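Written below as structure tokens is the structure these notes are about.
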Amino acid sequence: MDLVFFGIQGSGKGTQAKRLCQEFGFEYFEAGGELRKIKASGSDLGKTVASYIDVGKLVPHEIIMQVCEEAIRAKDPTRPILFDGIPRDADQQRDFDRIMATLGRDFRCIEITLDPEVGVQRIKGRAKVEGRKDDVDEATIRKRMGTFLEKTRPVIENYRKQGKVTNVDGDRSVEEVYEDLKQSLMDIEK
Ligand code: AMP
């Protein structure tokens, strides 16, 4: 069973996802990370991608869906995948569901919940350590969060109606959140 991870910027989603992958043997698909790799390549596509992620806008639909589908097809089909950062809006959800159905992959979702203001403060701290361009400027951080609230929240609610979503409270220590995530995962797998 695959897992789709949701959480507002600063919720600790990426950190927790990587730990779960190590402990539970998931393949990892990190949408933002894949796009940052494409940006770093300096290709024409990379320049296009940079022009979106540097200002906190979603990259065009066709680009992210192609990146996602190619990544799924390239992974070991016998291992579960943890998706981080996709689907992020209704169009992506429609195509993501179609791709997953075509490939016969079933999934559940976990949302790490967090007050957006706590997320802003956490990201400002992270900016000093990781040096991500889209973390430095508070207006860009808020723009990304606005996109989450406006476009990604309806995606989560849609999956919630389908009984696919478990919530985990992200406003606690990394260890406490991780313990809760592990428990949720075990409940999902039952
Ligand atoms: P993240 O690492 O999840 O914060 O993503 C960083 C940036 O990558 C976002 O602000 C977007 O510009 C881009 N990005 C990540 N995931 C997606 C996606 N599913 N669709 C479009 N753009 C994305």
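Because the structure is predicted, anything quoted here is derived from the model rather than measured. Whatever order the structure lists ligands and atoms in, that order sets their numbers, starting from 1.
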Would you please classify the geometry between the Phe96 ring and the Phe83 ring as parallel, tilted or perpendicular, with 30° and 60° separating the classes?
-> perpendicular
Ile64-ligand 1 polar pair, N/O distance under 3.5 Å = no
Answer with side chain, backbone, both or neither: which part of Leu35 has a heavy atom less than 4.0 angstrom from an atom of ligand 1?
-> side chain
Report yes if Lys57 has an N/O atom closer than 3.5 Å to an N/O atom of ligand 1; otherwise report no.
-> yes
Please determine, by modelled atom types, if Asp95 and His61 share a side-chain donor-acceptor pair under 3.5 angstrom.
-> yes
Ligand 1 to Arg144, heavy atom cutoff 4.0 Å, flagged ligand atoms 4 (O), 10 (O)
May I ask you to check if ligand 1 and Gln92 share an N or O to N or O distance below 3.5 Å?
-> yes
Heavy-atom contacts with Asp134 under 4.0 Å: which atoms of ligand 1 show up? List them by number with element.
-> 6 (C)
Which residue and non-hydrogen atom of the protein lie closest to atom 4 (O) of ligand 1, and at what distance in Å?
-> Arg132 NH2, 3.2 Å
Answer with yes or no whether the side chains of Gln93 and Asp97 bring together a donor and an acceptor at under 3.5 Å.
-> no
Are Lys143 and Asp134 ion-paired here, with the side-chain N under 4.0 Å from a carboxylate O?
-> no
Polar contact flag for Arg88 and ligand 1 (N/O pairs, less than 3.5 Å) | yes
Got the closest protein heavy atom to atom 7 (C) of ligand 1, with its distance?
-> Ile53 CG2, 3.6 Å
Centroid-centroid distance, Phe107 to Tyr159, less than 6.0 Å = yes
Min heavy-atom dist Arg36 to ligand 1 below 4.0 Å = yes
Indicate whether the side chain of Glu70 and that of Gln66 have a donor and an acceptor atom separated by less than 3.5 Å.
-> yes
Does any donor atom in the side chain of Tyr178 or Glu23 lie under 3.5 Å from an acceptor atom in the other side chain?
-> yes
Note: Asp84 and Gly14 closest approach over all heavy atoms is OD2-CA, 3.6 Å
May I ask you to list the atoms of ligand 1 that are less than 4.0 angstrom from any heavy atom of Ala31?
-> 16 (N)
Examine the proximity of ligand 1 to Val59 and report which part, side chain or backbone, both or neither, has a heavy atom under 4.0 Å away.
-> both
